[in-house]
Amino acid sequence: MTGALEIAERALEHASDEAEVYVGSERSGFARYAASAVHQPTLIDDTSVHLRVVRGQRAAVATTNRTDDAGLAELARRAAEMVASASEDPDVVPVAPPAEHPEVRAYDAETASLGPADQARLAAEAISAVDGLELYGYVTSAACDSAMVSTAGLRARQQTTDATCLALAAGEGASGYAMRTSWRAGELDPAAVAREAAERAERTRGAVEVGPGRYRAVLEPYALSELLYYFSFDGLNGLALLEERSYFAGRVGERAFDPQLTLVDDALSERSLPRSFDFEGTPKQRVPLIEQGVIRGPVWDRGTAARAGRASTGHGLPAESRSFGAMPTNLELAPGDAESTEELAERVGDGIYVTRLHYLSVVNPREAVITGMTRDGTFRIRDGRVAEPLVNLRFTVAVPDVLGDVLGLTRETVLVNQSDFYDERWAYGNRVPALATADFNVTGVGGGPGL
Amino acid sequence: MREACAAAVDAALGAGAGYADARAVLRRSQSVATKNGRVETLSDAETEGIGVRVLVGGAWGFACDRRLTPEGARDAALRAHGFAAAAGGDSARALAPTEARFGSYRTSVERDPFSIPLDEKVALCLRAEEALRHPDVKVAEAAVRAQSERKLFLSSDGAEVEQELVECGGLIEAIAVGDGLVQVRAYPSIHVGSSAQAGWEYVESLGLEGEAPRVAEQAAALLRAEECPAKVTTVVIDAEQMQLQVHESVGHPTELDRVYGTEAAYAGTSFLSPADLGSLRYGSEHMNITADSTTPGGLGSFGFDDEGVPASREAIVEDGVLRGFLTSRETATQLGHGHGGSMRADGWARMPLVRMTNLHLEPGSGTLEELISEVDDGIYLETNRSWSIDDKRLNFQFGTQMAWEIENGKLGRLYRDATYTGVTPVFWGSLDRVARPEEWVMYGLTNCGKGQPGQHAHVSHGASPARFRNVQVGVRS
């Protein structure tokens, strides 16, 4: 396979303006299973070339997946044609400057070498670990190669791997969920993931309803990561701060969360899905977002940072998505001192236990109000112990309420994959502990667990 | 493209596949967006490749290659075959019969959206967005988009169809900020606006510039509006919000792959079961839902789906009773009913899934004013703002941008931050009137997510305003 850097440099040669090129290559396999059989195995092999040209105060982006010289010449022609139509923008972001990129270990040769037979074998390991229930989910692995170059002298390349096993063990009236992800497939144990899902599922039979109301709750890492992910769309996005949509607007420097809450974004951590630079070629760095409950600020890309008089924190999105603003993609919530989720249940005393969330939506970005459902492992907590299973619950919460009175966090953290692998492959996720909160607002009930 | 597709199918059959199909796809997408007087997005993307799907001893395999050459196609076919063989499968998998077809289809276009000069698109956005300016509007935004997709499908069952789908759309959006409140007002829809399978004439018909002053005024007015009260009441819902209500609470649960559980791990399942067909009361007698991949202008319109099944119009709910599911050839065989026709893939690098095409709420009678006039105490809700529904598609909660009190048959004060919630069959059971055909509007959305790896589908929904009794509004955090 021709390397991403070589393709990027060839693409740059075709550009007649100031330009930057991002190239992303993906070779991936998905062994997706349902009812304990692989039903949608998908092998993807693709390379995309994104050429951004800047002519004076005008800019435009063109993309192709044709990497021969004719394809790259056509790409340059389209970009040049587009930039001629752009209006002048005094705030145009110049092409990416050269930068020192941190060395990040994010590529595992063993993971990169996994082929369809391996992905099918790992899926079979998961499936065969479950008795009496059927397994749904997938095993996937990928090797990605990305590079960025610019006429200003930027030259960067990173190779990454990622692997994920997701398991929903389900039957009539029962379902449980588990997932593990890593950039090293060897760290995954599909059978253990499946067993975790199945064990949880077996406890969900005979689910009952609870009434609406404010509950104390334990949120498993899967649930907490999802909540933080949706919060980040506005709450942790520099653009949303500038546009006053973010909960952080007017609150930077304030203590808005429980003092136990320390949240960073750290793509340099080997315990994340690491990256060396973002889609604008900016080096990644560890960014404090909330420290001991005090808001420190959001993440920034080059455009929003310039408007704010700051430097990019390395959170630029792909060019086509840049109007969304900047996104944290490697959140890390500091752990606590609880030895287990059982200990968190003890601290809750009377409340609910939530494994996984489903279909979240931001109701009010400024107040960080989010609604969604629980699924695949919702339980009542009584007398400090996880008790009877519950049906899926609708919640409508202000995130600062959930994170404002924290009863505890586990010592152990879990890396949760948040990318659903739409479009070009780009694995990202959050490392979080389980969390016990004094305030989780249940506003309705849905269906029971299971199929 | 044909040579590549034929090479893929031949290679798969030669390797021992019992069935094979190949889709060669060339897609071009263009986006223009302006915000607060500056060009925010100017992008043009092209992608091409071939996706090959094989059935080997009852196991599916899918692989793709960006080389649109016989060599690339053969490689993809053999990799798909290898994956299917390694995965093993259910030897009982069978596909509903379909006639071998040679055919073609092309979107009816008056003005090719790619022939419109870019500077004309930029100028339109800047004018529309300029018209959104208002002292309370912090962010004014306008966007237009276009996409063309040429694809050739060839199967070992003898189908060979060539299609060219062209779509475009746009939106304007104003975000008003004041006194700690953030209010959004968009037209014609939030998210990515509304698109249609049509030429540039569709974007022109939206009248973005002309609508902008109203949109800005309403965004600003929301800052001074009272919060929507919490109560159980009658709601009248506009066509835009109704289309999302149809999408989430009828479209997804009637996808037969969800009913059979194959989306359980991600998008979810369905509260429906195969046995419900023909008997389940989904809603009141006013509820009529049609799946129609022949609707002119619909984003889900085609000549043939991505299994080569011809487009059709089918009843999904008739007089409130479940009459059909959205099917593939495989799920139709499992059900023993239907013939497929809803299989769609997001480009060449994804396997087709059961997706909505165009799913409509059929109109009833009366005007919106009449629907409102018959309400003593209620809320009129307009344009989606937030959306959430559970994995079985039962419990939903939507927020709308606008809400007005209805008092004694007339619209009263404006409310902000309106939400409503319900349980699907209970909610649809409370439907007591749908407005007339003249009020029926079709919207097209491009961000319907499903599948692992994820796929976006472009689907359309038509609806008229509708009225529901005893609905919970005003959910609080």
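Proteins get letters first, then strands, A, B, ... in listed order; numbering begins at 1 in each. Side chains included, hydrogens not; waters and symmetry mates left out as well; all remaining heavy atoms used.
Residues A:Q40 and B:R53 bring no donor and acceptor atom of their side chains to less than 3.5 Å of each other. Remark: the A:E424 side chain and the A:H50 side chain contain an N/O donor-acceptor pair separated by less than 3.5 Å. For the 3.5 Å distance criterion, the side chains of A:T67 and B:R66 qualify, holding a donor opposite an acceptor. The closest side-chain donor-acceptor pair between A:R394 and B:N395 falls under 3.5 angstrom. Between the side chains of A:E320 and A:T63, a donor-acceptor pair is found at a separation under 3.5 Å. A donor-acceptor pair shorter than 3.5 Å cannot be found between the side chains of A:N441 and A:T396. In the model, B:D44 has a side-chain atom that pairs as donor or acceptor with a side-chain atom of B:Q30 under 3.5 Å. Judged by distance alone, the side chains of A:R425 and A:T140 do bring a donor and an acceptor atom under 3.5 Å apart.
Between the side chain of B:Y260 and the main chain of B:T269, no donor-acceptor pair closer than 3.5 Å is present. B:D179 places no side-chain N or O within donor-acceptor distance of the main-chain N or O of B:L181, the cut-off being under 3.5 Å. No side-chain donor-acceptor contact under 3.5 Å links B:R385 to the backbone of A:V362. No donor-acceptor pair closer than 3.5 Å links the side chain of A:D45 to the backbone N or O of B:D65. Side-chain atoms of A:E134 never come within 3.5 Å of backbone atoms of A:A34 as a donor-acceptor pair (strictly under, hydrogens ignored). Judged by distance alone, with hydrogens and angles left aside, the side-chain atoms of B:R79 form a donor-acceptor pair with the main-chain N or O of B:C64 at under 3.5 Å. Panel note: side chain A:D376, backbone A:S175; no donor-acceptor pair is recorded below 3.5 Å. For the pair A:S28 (side chain) and A:A142 (backbone), a donor-acceptor distance under 3.5 Å is absent.
Heavy-atom distances place no part of A:S419 under 4.5 Å from chain B, backbone and side chain included. Contacts of B:L68 with chain A are absent, with no heavy-atom separation under 4.5 Å from either backbone or side chain. Interface remark: B:I175 contributes side-chain atoms only to the contact with chain A (heavy atom separation under 4.5 Å). At a 4.5 Å heavy-atom cutoff, the contact between A:A120 and chain B is made by backbone and side-chain atoms alike. In this structure, the portions of B:A264 lying under 4.5 Å from any heavy atom of chain A include both its backbone and its side chain. Within the 4.5 angstrom heavy-atom criterion, atoms from both the backbone and the side chain of A:A60 approach chain B. For chain A, the nearby part of B:Q455 is the backbone; its heavy atoms alone come within less than 4.5 Å. If you measure heavy-atom distances from B:V39 to chain A, the contacts under 4.5 Å come from both the backbone and the side chain. Interface remark: B:A76 contributes no atoms to any contact with chain A (heavy atom separation under 4.5 Å). There is no contact between A:A124 and chain B, counting heavy-atom distances below 4.5 Å. Heavy atoms closer than 4.5 Å to chain B are found in both the backbone and the side chain of A:V363. There is no contact between B:F271 and chain A, counting heavy-atom distances below 4.5 Å. When heavy atoms are compared at a cutoff of 4.5 Å, A:A170 does not approach chain B at all. At a 4.5 Å heavy-atom cutoff, the contact between B:T419 and chain A is made by side-chain atoms alone. Heavy atoms closer than 4.5 Å to chain A are found in the side chain of B:D417, but not in its backbone. For a residue to count as touching a neighbouring chain, one of its non-hydrogen atoms must lie under 4.5 Å from one of that chain's; by this rule A:R356 touches chain B with the side chain only. Interface residue B:T262: backbone and side-chain heavy atoms are both found under 4.5 Å from chain A. Neither the backbone nor the side chain of A:D439 comes within less than 4.5 Å of any heavy atom in chain B. Interface remark: B:E263 contributes backbone and side-chain atoms alike to the contact with chain A (heavy atom separation under 4.5 Å). Only the side chain of A:L166 comes within contact range of chain B, with at least one heavy atom under 4.5 Å from a heavy atom of that chain. Interface remark: B:K121 contributes no atoms to any contact with chain A (heavy atom separation under 4.5 Å). Neither the backbone nor the side chain of B:S31 comes within less than 4.5 Å of any heavy atom of chain A. Contacts of A:F30 with chain B are made by both backbone and side-chain atoms, with heavy-atom separations under 4.5 Å. Heavy atoms closer than 4.5 Å to chain B are found in the side chain of A:D89, but not in its backbone. Neither the backbone nor the side chain of A:A35 comes within contact range of chain B; no heavy atom of the residue lies under 4.5 Å from a heavy atom of that chain. Interface remark: A:E367 contributes side-chain atoms only to the contact with chain B (heavy atom separation under 4.5 Å). Proximity to chain B is limited to the backbone of A:L242, based on heavy atoms less than 4.5 angstrom apart.
Taking the charged nitrogens against the carboxylate oxygens, B:E130 and B:R127 have no contact shorter than 4.0 Å, which rules out a salt bridge. A salt bridge is absent between A:R366 and A:D234: the closest approach of a Lys/Arg side-chain nitrogen to an acidic carboxylate oxygen does not fall below 4.0 angstrom.
By the 4.5 Å heavy-atom criterion applied to side chains, A:T42 and B:P453 are counted as neighbours. Here the side chains of A:Y247 and A:P400 are in contact, with some heavy-atom distance below 4.5 Å.
Chain A forms the most heavy-atom pairs under 4.5 Å with one residue out of B:T41, B:V475, B:L126, and that residue is B:V475. Ranked by non-hydrogen atom pairs under 4.5 Å with chain B, the options A:G71, A:G446, A:A319 are led by A:G446. Chosen from B:G82, B:G399, B:G180, the residue pairing most often with chain A at heavy-atom distances under 4.5 Å is B:G180. Ranked by heavy-atom pairs shorter than 4.5 Å toward chain A, the options B:E120, B:R258, B:R393 are led by B:R393. Here A:R66 is the residue among A:R66, A:R322, A:R58 with the most heavy-atom pairs under 4.5 Å with chain B. With respect to chain B, the highest number of heavy-atom pairs below 4.5 Å among A:N65, A:L168, A:V83 belongs to A:N65. Most heavy-atom pairs under 4.5 Å with chain A, from the set B:D119, B:V182, B:L394, B:D391: that is B:D391. Most heavy-atom pairs under 4.5 Å with chain A: of the set B:P117, B:A84, B:G449, this distinction falls to B:G449. Options B:K392, B:Q452, B:M351 differ in how many heavy-atom pairs under 4.5 Å they form with chain A, and the most are formed by B:Q452.
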